[in-house]
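One structure is given below, encoded as structure tokens.
One-based numbering along the sequence shown.
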Amino acid sequence: MKQQKNNDVAHLSRRKTDTIDRDLRRYRTTKGKALPALTDKLRITPLGGQNGIGEKNLIVLEYGNDALILDCGFDLGIDLPGINYAIPVTEYLQTIKHKLRGYVISHGHMDHIGGLVHILPQYPAPVFGSQFTIGMVQAQFEKAREDGLEIVVDTCTLDMDKHEAVQLGALKVELVRVTHSIPESSAIVVDTPVGRIINTGDFRLDPEPLDTRPTDIARLKQLGDEGVLLLMSESTNTTKLSRTPTEHTLQKSFDDIMKAASGRVFAAVFSSNMNRVQMIITAAHDNGRKVAFDGRSMMATAELAVRLGNLKVPKDTLVAMADTATLPDNQLVVICTGGQGEPGAAMSRMSAGEHRFVKLKRGDSVIISSTPIPGNEQSYQRVGDDLARVGVKQFRHPTHEIDGCGPLHVSGHGNRDESKEMIQLTKPRYLLPIYGGALNRQYHAQVGVVTGLKPQNILMLENGDVLELSDQHAPKLVGEVTAGSLLVDQTGSVVPEIVTRDRLMLQDDGIMVVIVTLDKRSGQVLSSPDIITRGSIAVRDNAPALDILRALVRQQLVGLRKNRANLDTIKQSLRDAIIRALYYQTKQTPSVIVVVNIVGPRGQTNLVTKPVADVCL
């Protein structure tokens, strides 16, 4: 019977460990080693971006004594306790640090720039991008300097509309304008001695974007006519048919809501989507309403966009959040963050009744101008539920037809037909699907075949894979380099896997600490064993069960004393017995820590006093 109990507990422990391993596997560092680079071959190595959408995008491109990093982001989609985001493992960059010529950034979203504050200080090089992108990069480093990071970043703005290029050793870089959900996004063009490489960044082929700056189709076609060796194209929406609708169709939806609303209007949008913000400002101004911004990232991005001319705000339209209470309800629009239900974001605080300046009420209208990002479905639903309890009128894109308005969101990424058109424009010899998980990249490969590419000319790489290209020979995988994720907490510190593993162990069944005090000579228990629990069984509600555990501890100590067991054996034996007893009482297996204090005849204990550091006064 006892053996069966031991087997059951061991089986449950293995299941728990296996579950935690599965949770951590996708973030675990995989060691690898590639063959030495050849001087006449181009190397492409993704260190991030191939394991999911928005997944710490970073691709290394090397030729001879020159190397570039294309994008340098972090992954916000981390569902692990105490983890804020993940950045790429960059051990490989140490081996090419001497030939790093620059970071080339396609646009200013955090999955493309968020890793810079961690990685660039270790591997310094200039940062290249469009004017708005460089502004977003500088804002990240300004914030990092406020937090104590001391670094001067060398940045360089490239004019996309003039097709400005920069020569970095053997590699020539140009940015080509593309439409996305943040201003001045670009495709990255790198001319190398073996051929031209194009990285699309994130894009859609919207012919009528609100800012009247569509994707530079003519330049992409010209580059394709001249010859493209490899197209690295994003894969976000390759699971969706047709094309992404043009964004300007949303303007009427915002106008109609403003006209019909008799009370205040609150609009939650992504802080970087300045085209969307522009539409809401225009609708508010046309309907005689003032506008207030709320949310730190919203205000910072809007300020940058106004300064660079990407956002036009009519005179006397803006008011401070602190002054909104002085305005009539029918004259106010608040543009804020938090449409995804992010903890601490403005709309999340409003919906929960925790906002400093705003108390939502019946008669208010709330616009959620987004769809849930994968992984945010629960928080997106939760903010909708909270708003419903308040009684506001909601206008949400997923339910816009039911809510009585037009569409409120379009994706910043092109669908399958736009991925197909990008291939047709650039006419690459090879296609490398990037910036998506295995499923999305597989669908992208299907698009390539339909477009006319040979299956063998579609290259599928995982993070860490090393691809070599030349103009004379077929592409070849030459090994793997170390790749994975470094987990970062709210303070910006890297969290070791062992710490995250412990947190996962604790989150289901909690922890129990059992403290026993023994007489050094007799081995007798000097006081009732103390039991402290956190996140497992409640002491107040389970007094009988805890009394059983105390009796068990005493019983175990009698046998251990007879056998003259040493301290380590006592601790391990007590721990095993407690775990078995807890499992059969509660079906839980909390982490159990046993502390044994041994007291001598004059009060001496086995505890070691913590040393005090020497100080100079």
Can a side-chain donor-acceptor contact be found between [Y] and [X] if the only test is distance below 3.5 angstrom?
X: Asn330; Y: Ser262; answer: no
X: Thr133; Y: Glu184; answer: no
X: His413; Y: Ser411; answer: no
X: Asp71; Y: Tyr435; answer: yes
X: Ser348; Y: Glu342; answer: no
X: Asp489; Y: Asn84; answer: no
X: Arg396; Y: Thr399; answer: yes

Look only at the side chain of [X] and the backbone of [Y], and say whether a donor-acceptor pair between them is shorter than 3.5 Å.
X: His180; Y: Gly412; answer: yes
X: Asn440; Y: Thr236; answer: yes
X: Arg416; Y: Thr238; answer: yes
X: His444; Y: Arg441; answer: no
X: Glu418; Y: Asn415; answer: yes
X: Asn376; Y: Ile373; answer: no
X: Arg503; Y: Pro81; answer: yes
X: Thr301; Y: Ser297; answer: yes
X: Asp386; Y: Ala352; answer: no
X: Tyr85; Y: Gly492; answer: no

If you count the non-hydrogen atoms of other residues, nucleotides and ligands that lie under 6.0 Å from CZ in Arg145, is the total more than 12?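 For Arg145, atom CZ is crowded (more than 12 foreign heavy atoms under 6.0 Å).
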Q. Should the heavy atoms of other residues, nucleotides or ligands under 6.0 Å from OH of Tyr443 be counted, would the total exceed 12?
A.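 It does not: Tyr443 OH has 12 such atoms or fewer within range.
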Minimum heavy-atom distance [X]-[Y], with the two atoms named:
X: Leu47; Y: Lys56; value: O-NZ, 3.9 Å
X: Gly295; Y: Thr337; value: CA-OG1, 3.9 Å
X: Gly114; Y: Phe74; value: O-CD2, 3.4 Å
X: Ile87; Y: Gly115; value: CG2-CA, 4.3 Å
X: Pro314; Y: Ile281; value: CD-CG2, 3.8 Å
X: Pro214; Y: Asp206; value: CB-O, 3.6 Å

Quick one: pull up [atom1] in [X] and [atom2] in [Y] and give me the separation to the nearest 0.5 Å.
X: Leu308; Y: Met274; atom1: CG; atom2: CE; result: 11.5 Å
X: Leu250; Y: His400; atom1: CG; atom2: NE2; result: 9.5 Å
X: Ile335; Y: Ile280; atom1: CD1; atom2: CD1; result: 5.0 Å
X: Ser253; Y: Phe395; atom1: OG; atom2: CZ; result: 10.5 Å
X: Ser235; Y: Leu439; atom1: OG; atom2: CG; result: 10.5 Å
X: Asp211; Y: Thr179; atom1: CG; atom2: OG1; result: 7.0 Å

Output, in order, the C-alpha distance, side-chain angles, deciding distance and verdict of side chain to side chain donor-acceptor pair (under 3.5 Å) for Ser370 and Gln340. CA-CA 8 Å; Ser370 64; Gln340 296 288 309; 3.2 Å; yes
Exercise. Does the side chain to side chain donor-acceptor pair (under 3.5 Å) test come out yes or no for Gln50 and Asn463, once each step is laid out?
Worked result: CA-CA 6 Å; Gln50 302 298 89; Asn463 291 336; 5.8 Å; no
[X] and [Y] ion-paired at < 4.0 Å:
X: Asp329; Y: Arg289; value: no
X: Arg389; Y: Asp385; value: no
X: Asp417; Y: Arg243; value: no

Using the ring of Phe254 (Phe, Tyr or Trp, six-membered ring only), decide whether Lys252 places NZ or CZ under 6.0 Å from its centre and within 45 degrees of its axis.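 No, a cation-pi geometry is absent between Lys252 and Phe254.
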Side chains of [X] and [Y] in contact at under 4.5 Å (non-hydrogen atoms):
X: Phe203; Y: Ser186; answer: no
X: Asp216; Y: Val178; answer: no
X: Leu116; Y: Ile105; answer: yes
X: Val383; Y: Met347; answer: yes
X: Val104; Y: Ile69; answer: no
X: Leu408; Y: Cys405; answer: yes
X: Ile83; Y: Val488; answer: no
X: Ile119; Y: Tyr103; answer: yes

- prompt: With Asn273, which residues qualify under side-chain contact (heavy atoms from CB on, under 4.5 Å), at least two apart?
  reply: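 Applying side-chain contact (heavy atoms from CB on, under 4.5 Å) to Asn273 gives Ser181, Glu247, Phe270, Asn275, Arg276.
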### Query
Are Ile532 and Met512 close enough, and set up right, to give a side chain to side chain contact (heavy atoms under 4.5 Å, CB included), and what steps lead you there?
CA-CA 6 Å; Ile532 302 169; Met512 175 176 286; over 6 Å; no
Please identify each residue that fulfils side chain to side chain donor-acceptor pair (under 3.5 Å) with Asp111, with sequence neighbours left out.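 Asp111 satisfies side chain to side chain donor-acceptor pair (under 3.5 Å) with Asn57 only.
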Note to self: Set out, in order, the CA-CA distance, both residues' side-chain angles and the distance that settles salt bridge (charged side-chain N to carboxylate O under 4.0 Å, His left out) for Lys143 and Asp147, then state yes or no.
What the structure shows: CA-CA 7 Å; Lys143 183 177 182 298; Asp147 295 335; 3.7 Å; yes
| message | Using the rule given for side chain to side chain contact (heavy atoms under 4.5 Å, CB included), can you reason through Phe293 versus Val277, listing the C-alpha separation, both sets of side-chain angles and the distance that settles it, and then say yes or no? | response | CA-CA 10 Å; Phe293 289 120; Val277 171; 3.8 Å; yes
Criterion side chain to side chain contact (heavy atoms under 4.5 Å, CB included) against Ser130, the qualifying member of Arg177, Met160, Met136 =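 Only one of Arg177, Met160, Met136 forms a side chain to side chain contact (heavy atoms under 4.5 Å, CB included) with Ser130, namely Met160.
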Next item on the list: Apply side chain to side chain contact (heavy atoms under 4.5 Å, CB included) to the pair Arg264 and Lys361, showing each step before the final yes or no.
Entry: CA-CA 9 Å; Arg264 300 177 297 181; Lys361 61 187 179 182; 3.8 Å; yes
Please work out whether the ring planes of His107 and His109 are parallel, tilted or perpendicular, with thresholds of 30° and 60°.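 Perpendicular: the ring planes of His107 and His109 meet at over 60°.
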Can you list the steps and then say if Ile368 with Leu387 is a side chain to side chain contact (heavy atoms under 4.5 Å, CB included)?
-> CA-CA 11 Å; Ile368 306 293; Leu387 290 169; 4.3 Å; yes
